[in-house]
Amino acid sequence: MSLTDATTAPLGGPTLPQERRLVTAIPGPRSEELLARKADAVAAGVGHTAPIAAVAAGGGVVVDADGNSLIDLGSGIAVTTVGNAHPKVVAAVQAQVAQFTHTCFMISPYESYVAVSEALNRLTPGDHAKKSALFNSGAEAVENAVKIARKHTGRQAVVAFDHAYHGRTNLTMALTAKAMPYKSGFGPFAGEVYRAPLSYPFRDGLDGATAARNAIAMMEKQIGADNLAAVIIEPIQGEGGFIVPADGFLPELVRWCNENGVVFIADEVQTGFARTGAMFASEIFGIVPDLITTAKGIAGGLPLAAVTGRAEIMDASHTGGLGGTYGGNPIACAAALAAIEAYEEEGLVERAKAVGAILTDRLSAMQAADPRIGDVRGHGAMVAIEFVVPGTNAPDAGLAGAVAKACIAEGVIVLTCGTYGNVIRFLPPLSIPDALLHEGLDVVAAALAAA
Ligand SMILES: Cc1ncc(COP(=O)(O)O)c(C=O)c1O
């Protein structure tokens, strides 16, 4: 629990001591009190991972009401990539909130919405003419990307992949693969959604070309390209288990989509904005999506999402067909412009690669010494370990859950994921000091050794 070197990373957020500090058990009495109120007041369906009452966060820590300081290896599910309460984001939000809070862009447009759209059009892959539309959440962006693709093609069917996660609204539940906890009992789901096999090298052992052939065969035989509006895929799957497809899989899907007039949608809600060591993960695979959905890291913690893509596709909708009361809210747009400035000016793509190198080195060393870690995979600051029964690739969800729980009890927030629940994912804020990241990984290693 040493005070770590806070100079090794761009430090966002309030000037909190960058240390792991446990002054009570987790949860402490104040957190217990809040969790009891939560149980009484908040719907049971809204769960939580770390049993704490958060009161401050910044750099690489989350501080709770009892004075515990936890190392943050989850960024609130890939959101606070620039750092929690990043000073530029805070200043931009404060200035905007004092100016005006809302007009509704569809009633009285304002500059920041247009500037965010211009930035997205510039930053997303491809040098073709692009346009954007802004929304509130990742799920809403996905819904709108599908609307736009259907309108553009005049077709209805949409293909999503095994292990996909695209959100919790009705259409996005249909696109999402995993029943528990996301879908079970919440149907019926939106129609004309089909599921194709993914490339999952650790489990299918297939090269990218073969895996793509399987997916394309399914689309041709079970749907027919003429009926297919869009293929939607996360370039690296997030909730599904940080699954990195084999080389060649994504380019072959894009080629087939282009050849058949199918809109290729890259869902970069989790992978976008420097997380993977590229501004967008599509760049890693050398693909240029027709449409790209973004959210999470876009605005440093404020709710904002976007669809960006080829101008002729984005313009398919009649005027008034896209929008929403809050989409592109001025405070969220001000935050996004500040966050985007931070990504570009603070070298956060490079920082993600450096964080990724630490994660990959440390986790690979753990894997070499422990046959329960079947796979270490990811790109940049988006890395996961998949637990298996040694000598097999049978998923060990119990171990992932036990290690994650032990880490949180020791003051390190880690998140699990995966269709089989057997993956621990690491997505620290890029503002985490190196020493604190190492200390967090020491705790993970100790929790694993004790499990
Ligand atoms: C790839 C992907 N798409 C969509 C979503 C849904 O985003 P939101 O929770 O903002 O609706 C998520 C959220 O985790 C995601 O990871």
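In listed order, ligands and their atoms are each counted from 1. The model shown is predicted, which means the values in this text are computed figures rather than measured ones.
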Query raised in the report: Going by atom types only, do Ser364 and Gln367 share a side-chain donor-acceptor pair under 3.5 Å?
Result: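 No donor-acceptor contact under 3.5 Å links the two side chains.
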Query raised in the report: Do Thr103 and Ser108 meet the criterion of a side-chain donor-acceptor pair at a distance under 3.5 Å?
Result: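 On atom types as modelled, these side chains do not qualify, holding no pair under 3.5 Å.
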Requested in this report: Return each pair, listed once, that meets ring pair (Phe, Tyr, Trp, His ring centres under 6.0 Å) where at least one residue sits in residues 301-320; pairs must be two or more places apart or across chains.
Outcome: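 Those involving residues 301-320 do not exist here.
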Query raised in the report: Donor-acceptor pair, Arg203 side chain versus Asn393 backbone, under 3.5 Å?
Result: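 Yes; at least one donor-acceptor contact below 3.5 Å.
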**Report entry** With Gln270, the side-chain hydrogen bond (donor to acceptor under 3.5 Å, both in side chains) member among Gln237, Lys296, Glu239
**Finding:**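 It is Glu239; the other options fail the test.
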Are there any protein N or O atoms under 3.5 Å from the N or O atoms of ligand 1? List them with distances, or say none.
residue  : atom   : partner : partner atom : Å
ligand 1 : 3 (N)  : Asp267  : OD1          : 3.3
ligand 1 : 3 (N)  : Asp267  : OD2          : 2.7
ligand 1 : 10 (O) : Gly138  : N            : 2.8
ligand 1 : 11 (O) : Gly138  : N            : 3.3
ligand 1 : 11 (O) : Ala139  : N            : 2.8
ligand 1 : 14 (O) : Lys296  : NZ           : 3.0
ligand 1 : 16 (O) : Gln270  : NE2          : 2.9

Query raised in the report: Of Phe285, Tyr343, Phe273, which meets ring pair (Phe, Tyr, Trp, His ring centres under 6.0 Å) against Phe280?
Result: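 Among the candidates, only Phe273 passes.
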